[in-house]
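All remarks here apply to the structure that follows.
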Amino acid sequence: MSVVALRLAGPLQSWGASSKFVRRDTETAPTKSGVLGLVAAAKGLRRTDPLESLLGLRFGVRIDQPGQLVRDFHTAQRPKRERDGSTTWTSLPLSYRYYISDAVYLAVLEGEHELVTTIDAAVRSPHFPLYLGRRSCPPAGPIALGVFDTDLQGALTAVPWLASTRTQKRTRDTRVTLATVRDAADNELTGETIHDTPVSFDPNHRQYEWRNIVRGTVDIVNPHGTAAPVIEHDAMSVLEA
């Protein structure tokens with residue numbers, strides 16, 4: 001097995017897994033359905049095209065820079081053409097939309113080497129524009145990080161810390177502990193599931209299935225970390241002088 005690694009960073013991201021009606025929530029980390037949607041767009045698949053070639057991929061994400069949760073109070077109107085040729089506007093229901101600002105994630109997809117290689121090539125030269133969960137959330141900088149001959153957990157542990165240089169310098173520790181969320185292995189017992197495996201992106205018949213996830217942490221080197229110096233102080237030395 002091989003993995004393709006993706007850097008997901010931007011001013012705003014939104015990864016909904018349970019949004020309904022006028023409340024559009026976001027998870028604290030990218031969802032499998034969202035990332036596979038990004039890959040499908042890069043490969044030129046349309047919403048009504050089958051997704052069988054992507055459904056066998058295992059997915060994992062590392063939260064390199066958590067960002068902040070923000071809420072947008074959303075209003076909209078719909079135009080209506082009247083019989084006399086005039087246009088009137090109908091107000092649509094008010095909605096709340098949630099985003100994560102200034103976040104950076106490492107997303108990893110594990111599968112056959114040939115498949116992940118084609119995904120890496122597609123993300124570098126996408127057929128359709130790519131976005132981070134919603135069309136209003138374009139990525140900042142290149143997404144593709146390359147293909148690696150390792151497994152899901154190995155990539156989450158080995159890929160260098162992707163947080164901004166400012167964040168790395170503000171975190172003075174030489175190593176940092178980062179949260180991860182990944183697909184559970186077939187022989188791995190887990191009590192947490194999420195309705196996040198896409199079966200169809202067809203707007204008229206969206207389908208998702210449940211997947212088992214495992215939450216964990218990994219320790220990553222901070223390239224800008226500085227170990228605090230050990231200062232030995234003898235308070236009695238002043239009295240002796």
Side-chain angles (χ1 to χ4, degrees), residues 1-8 13-20 23-43 45 47-64 66-67 69 98-100 103-113 115-116 118-120 122-123 130-134 137 143 145 147-148 150-157 159 178-218:
M1 288 291 179
S2 300
V3 301
V4 57
L6 309 173
R7 177 182 180 270
L8 306 178
Q13 304 185 42
S14 187
W15 306 97
S18 59
S19 298
K20 292 182 178 180
R23 183 181 176 90
R24 315 301 292 179
D25 290 323
T26 178
E27 300 293 320
T28 57
T31 57
K32 185 174 185 177
S33 57
V35 173
L36 289 185
L38 180 149
V39 169
K43 292 173 70 67
L45 298 179
R47 291 183 179 272
T48 54
D49 290 339
L51 300 173
E52 281 79 2
S53 61
L54 303 178
L55 297 184
L57 294 166
R58 293 186 64 224
F59 173 71
V61 61
R62 191 180 74 194
I63 304 175
D64 284 36
L69 181 67
Y98 291 83
Y99 301 87
I100 301 173
V104 182
Y105 303 101
L106 166 68
V108 180
L109 293 167
E110 177 190 289
E112 297 295 334
H113 182 79
L115 175 58
V116 298
T118 61
I119 291 174
D120 181 71
V123 171
L130 305 182
Y131 50 89
L132 306 178
R134 291 188 189 149
C137 303
I143 292 179
L145 295 176
V147 175
F148 303 90
T150 184
D151 59 8
L152 201 64
Q153 186 63 30
L156 294 174
T157 304
V159 174
L178 306 177
T180 62
V181 184
R182 61 174 176 80
D183 284 342
D186 293 337
N187 60 348
E188 197 169 18
L189 297 178
T190 175
E192 187 171 359
T193 60
I194 184 172
H195 201 226
D196 184 38
T197 299
V199 177
S200 172
F201 287 129
D202 187 340
N204 297 319
H205 191 57
R206 294 179 186 269
Q207 286 184 287
Y208 299 89
E209 292 182 349
W210 296 89
R211 68 184 179 99
N212 296 325
I213 63 172
V214 175
R215 299 185 187 272
T217 59
V218 293

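Taking CG from Leu6 and CG from Leu106, the interatomic distance works out to 8.0 Å, rounded to the nearest 0.5 Å. Here the straight-line distance linking atom CD1 of Ile100 with atom SG of Cys137 works out to 10.0 Å at 0.5 Å rounding.
The shortest non-hydrogen separation linking Ser14 to Asp25 is OG-O, 4.1 Å. Here the closest heavy-atom approach between residue Pro30 and residue Val35 is recorded as CB-CG2, 4.0 Å. In this structure, Gln13 and Val104 approach most closely via the heavy-atom pair NE2-N, 4.5 Å. The minimum heavy-atom distance linking Val116 with Leu109 is given by the pair CG1-O, 3.9 Å. Across every non-hydrogen atom of Ala103 and Pro66, the tightest pair is CB-O, 3.6 Å. In plain terms, the two heavy atoms of Leu130 and Val123 that are nearest each other are CD1-O, 4.1 Å.
Partners of His195 by ring pair (Phe, Tyr, Trp, His ring centres under 6.0 Å), not counting sequence neighbours, listed by chain and number: Trp210. Shown here are the side-chain hydrogen bond (donor to acceptor under 3.5 Å, both in side chains) partners of Glu27, two or more places apart in sequence or in another chain: there are none. Every residue two or more places apart in sequence or in another chain that forms a side-chain hydrogen bond (donor to acceptor under 3.5 Å, both in side chains) with Tyr98 is listed here: Arg23. Glu52 is linked by a salt bridge (Lys or Arg N to Asp or Glu O under 4.0 Å) to nothing, counting only residues two or more places apart in sequence or in another chain. Applying the side-chain hydrogen bond (donor to acceptor under 3.5 Å, both in side chains) rule to Ser2 yields the partners His113, Asp149; only residues at least two apart in sequence or on another chain are considered. In this view, Tyr99 and Arg134 satisfy the side-chain hydrogen bond (donor to acceptor under 3.5 Å, both in side chains) rule, not counting sequence neighbours. Applying the side chain to side chain contact (heavy atoms under 4.5 Å, CB included) test to Arg47 and every residue at least two apart in sequence or in another chain returns Tyr131, Arg135, Phe201, Pro203, Arg206. For Thr157, the side chain to side chain contact (heavy atoms under 4.5 Å, CB included) partners two or more places apart in sequence, or in a different chain, are Gln153, Val218. Residues forming a side chain to side chain contact (heavy atoms under 4.5 Å, CB included) with Thr217 (at least two apart in sequence, or on another chain): Thr177. Ala155 meets the side chain to side chain contact (heavy atoms under 4.5 Å, CB included) test with Val3, Val108, Thr150; sequence neighbours excluded.
Within a 6.0 Å radius of CD in Gln207, other residues, nucleotides and ligands contribute more than 12 heavy atoms.
Residue pairs that meet the salt bridge (Lys or Arg N to Asp or Glu O under 4.0 Å) test with at least one member in residues 189-201, sequence neighbours left out, are Glu192-Arg215, Asp196-Arg211.
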Would you please test Thr180 and Val214 for side-chain contact (heavy atoms from CB on, under 4.5 Å) and show each step?
CA-CA 8 Å; Thr180 62; Val214 175; over 6 Å; no
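Between Glu110 and Arg182, none of the side-chain N atoms (NZ, or NE/NH1/NH2) sits under 4.0 Å from a carboxylate O, so this pair counts as no salt bridge.
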Would you list the atom pairs, donor with acceptor, under 3.5 Å between side chains in residues 54-63 and any protein atom, with sequence neighbours excluded?
unit_1, atom_1, unit_2, atom_2, d
Arg58, NH2, Asp183, O, 2.8
Arg62, NE, Asp64, OD1, 2.7
Arg62, NH1, Leu156, O, 2.8
Arg62, NH1, Val159, O, 2.8
Arg62, NH2, Asp64, OD2, 2.8
Arg62, NH2, Val159, O, 3.1
Arg62, NH2, Pro160, O, 3.0

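Counting heavy atoms from C-beta on, the side chains of Asn204 and Thr48 never come closer than 4.5 Å. For the pair Thr31/Tyr208, no side-chain contact is recorded, criterion being any heavy-atom separation below 4.5 Å from C-beta on.
Looking at Thr26, its side chain does come within 3.5 Å of a backbone N or O of Trp15 through a donor-acceptor pair.
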